[in-house]
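Letters A, B, ... are given to chains in the order of the sequence lines, protein chains preceding strands, and every chain is numbered from 1. Here the structure is a predicted model, which is why all the values come from computation and not from measurement.
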There are 2 protein chains.
Amino acid sequence: MSQQESTFRKPGNQRDTTACEPISRMLARISDKWTLLVVRILGGGPLRFNALKREIGEISQKMLASTLRDLEENGFVTRTVTPLTPPQVEYALTDLGRDFWEPVQALAKWTHANSARIDAARAAYATRRATR
Amino acid sequence: MSQQESTFRKPGNQRDTTACEPISRMLARISDKWTLLVVRILGGGPLRFNALKREIGEISQKMLASTLRDLEENGFVTRTVTPLTPPQVEYALTDLGRDFWEPVQALAKWTHANSARIDAARAAYATRRATR
DNA sequence: CGGGATCCTTATCGATACTG
DNA sequence: CAGTATCGATAAGGATCCCG
């Protein structure tokens with residue numbers, strides 16, 4: 001076994017570097033602060049703009065609007081306008097969006113279930129830095 | 001049925017709004033452009049700094065360094081220094097990191113498997129905007 | 001090789017004001 | 001209600017140089 005740097009994985013199989021580029025692009029597309037959160041919330045059912053905004057709480061209407069536009073463009077949510085006074089616009093997950101919701105929810109649940117472990121790790125890291 | 005705004009979900013079960021705040025914080029912590037990507041790659045095994053950088057490709061060393069620092073602080077990766085000339089620093093997932101890797105990988109696989117559907121949705125969205 | 005420090009350029013975000 | 005438009009602050013990100 002060589003101690004060279006490089007990838008040192010089985011030669012001929014340099015991981016799935018091939019899939020790395022498109023995945024990283026997709027990952028980058030959804031890795032903004034709000035997308036995952038909005039998808040996760042809409043997983044609970046359709047919501048109108050301000051209801052959604054209230055549910056998230058900290059988001060500005062600007063960011064919510066642009067996040068929703070991106071999600072609509074990517075085919076994750078539908079935007080249904082009911083022309084009334086006052087107007088009503090409802091956002092809901094599409095089939096694709098509901099599919100996407102599953103891994104998102106898995107991730108969210110994991111972070112929730114393991115937040116204690118992470119906090120512990122952070123505390124340990126802090127003391128480690130202090131003691132040495 | 002009232003046309004009021006509000007949440008209009010089954011009263012008494014107003015979703016898991018309780019869990020929304022901590023989850024959104026955790027989600028926000030990992031939702032930067034690189035964290036998920038680095039975790040996913042380190043899932044394939046330990047790597048040294050520049051090997052990791054090469055594998056990601058587009059990242060600057062600054063962002064990689066800071067991303068790795070965050071990951072170490074959160075207890076997802078270990079940083080092992082071997083004092084040689086030239087020095088060697090290897091990054092590897094911890095138990096927590098490997099745990100975390102699973103939902104991340106699920107998300108990555110999903111995006112990869114469904115990239116065609118997303119592209120189709122984007123194309124459909126474009127024509128829809130053009131025709132109307 | 002593995003970074004830290006610095007500078008500089010963008011992208012992100014929020015607050016405010018305005019429209020249909 | 002559901003946004004768009006504009007502006008200013010701030011953070012993210014990249015390029016370069018430098019050091020152990």
Side-chain angles (χ1 to χ4, degrees), chain A residues 2-8 24-25 27-38 41-42 46-73 77-92 129 132, chain B residues 1-8 24-25 27-38 41-42 46-73 77-92 125 129 132:
Chain A
S2 87
Q3 76 288 29
Q4 308 248 20
E5 49 85 52
S6 64
T7 45
F8 75 74
S24 80
R25 278 193 305 107
L27 232 44
R29 188 175 299 169
I30 60 162
S31 282
D32 60 292
K33 209 171 170 183
W34 306 114
T35 306
L36 296 178
L37 197 54
V38 169
I41 291 178
L42 283 181
L47 279 180
R48 287 170 52 191
F49 188 87
N50 278 340
L52 192 47
K53 183 170 187 303
R54 237 169 288 123
E55 193 109 25
I56 302 181
E58 339 111 21
I59 197 172
S60 67
Q61 48 75 337
K62 176 185 179 178
M63 290 319 298
L64 181 54
S66 90
T67 300
L68 286 170
R69 241 183 288 119
D70 287 351
L71 284 172
E72 193 194 354
E73 187 171 347
V77 310
T78 55
R79 179 176 179 275
T80 311
V81 182
T82 310
L84 300 174
T85 47
Q88 263 181 222
V89 182
E90 190 161 88
Y91 293 92
R129 299 220 60 181
R132 73 133 82 185
Chain B
M1 183 172 290
S2 84
Q3 78 288 31
Q4 308 248 20
E5 45 84 51
S6 66
T7 45
F8 74 75
S24 79
R25 279 193 304 106
L27 233 44
R29 188 174 298 169
I30 60 163
S31 282
D32 61 291
K33 211 171 170 183
W34 306 113
T35 306
L36 296 178
L37 198 53
V38 169
I41 290 178
L42 282 181
L47 279 180
R48 288 171 51 194
F49 188 88
N50 279 338
L52 191 48
K53 183 172 187 303
R54 237 170 287 125
E55 194 108 28
I56 302 181
E58 337 110 22
I59 197 174
S60 66
Q61 51 77 341
K62 176 184 178 177
M63 289 319 298
L64 181 53
S66 90
T67 300
L68 286 169
R69 238 182 291 120
D70 288 350
L71 284 172
E72 194 194 354
E73 187 171 347
V77 309
T78 55
R79 179 177 180 275
T80 310
V81 182
T82 311
L84 299 175
T85 49
Q88 265 181 219
V89 182
E90 190 161 270
Y91 294 91
Y125 180 83
R129 297 220 61 183
R132 74 132 85 185

Novice: Between the base of C:dG4 and the side chain of B:Gln61, is one N or O donor paired with an acceptor at under 3.5 angstrom?
Specialist: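 Answer is yes: a donor-acceptor pair is held.
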
Novice: Nearest whole Å is fine: how far is D:dA12 P from B:Asp32 CG?
Specialist: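 Atom CG in B:Asp32 sits about 9 Å away from atom P in D:dA12.
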
Novice: To the closest 0.5 Å, what do you measure between CH2 (A:Trp34) and CD1 (A:Ile41)?
Specialist: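 Rounded to the nearest 0.5 Å, the CH2-CD1 separation comes to 9.5 Å.
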
Novice: D:dG3, C:dG2, D:dG13: which one has an atom nearest the side-chain heavy atoms of A:Arg79?
Specialist: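 Out of D:dG3, C:dG2, D:dG13, the nucleotide with an atom closest to A:Arg79's side chain is D:dG3.
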
Novice: Can you measure from CG (B:Leu68) to CE (B:Met63) and round to the nearest 0.5 angstrom?
Specialist: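 One finds 10.5 Å between CG of B:Leu68 and CE of B:Met63.
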
Novice: Would you please confirm or rule out a distance under 4.0 Å between OP1 or OP2 of D:dA2 and any side-chain N or O of A:Arg48?
Specialist: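 Yes.
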
Novice: Does a nitrogen or oxygen in the side chain of B:Arg69 sit under 4.0 Å from OP1 or OP2 of C:dG3?
Specialist: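 It does not, given that no N or O in the side chain of B:Arg69 lies less than 4.0 Å from OP1 or OP2 of C:dG3.
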
Novice: Nearest heavy atom decides the nucleotide; on that basis, is A:Val89 or A:Lys62 closer to the 5' end of DNA chain D?
Specialist: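 It is A:Val89 whose nearest nucleotide is closer to the 5' end.
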
Novice: Just how far is it from atom CG of A:Asn50 to atom CD of A:Glu55, taken to the nearest 0.5 Å?
Specialist: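 Between atom CG of A:Asn50 and atom CD of A:Glu55 there are 12.5 Å.
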
Novice: Can you tell me the distance, in whole Å, between the CZ atom of A:Arg54 and the C1' atom of D:dC1?
Specialist: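 Going from CZ in A:Arg54 over to C1' in D:dC1 covers 10 Å.
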
Novice: Let me know the distance between NZ of B:Lys53 and C1' of D:dG14, rounded to the nearest Å.
Specialist: 10 Å

Novice: Compare every heavy atom of B:Leu52 with every heavy atom of B:Leu47, then report the nearest pair and how far apart it is.
Specialist: CD1-CD1, 4.0 Å

Novice: Mapping A:Pro87 and A:Lys33 onto DNA chain C by nearest heavy atom, which one lands closer to the 5' end?
Specialist: A:Lys33

Novice: Once you round it to whole Å, what is the distance between C1' of D:dG13 and CH2 of B:Trp34?
Specialist: 9 Å

Novice: Nearest whole Å is fine: how far is C:dG3 C1' from B:Glu90 CD?
Specialist: 17 Å

Novice: Rounded to the nearest 0.5 Å, what separation is found between the CZ atom of B:Arg48 and the CD atom of B:Gln88?
Specialist: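 It comes to 4.0 Å.
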
Novice: With a 4.0 Å cutoff (strictly under), does any side-chain N or O of B:Tyr91 reach OP1 or OP2 of C:dG3?
Specialist: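 For C:dG3, OP1 or OP2 has a side-chain N or O of B:Tyr91 closer than 4.0 Å.
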
Novice: Taking the side chain of A:Asn50 as its heavy atoms from C-beta onward, which of D:dC1, C:dC7, D:dT6 lies nearest to it?
Specialist: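 Among D:dC1, C:dC7, D:dT6, the one nearest the side chain of A:Asn50 is D:dC1.
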
Novice: I need the CD-C1' distance between B:Gln88 and C:dG2, as an integer number of Å.
Specialist: 11 Å

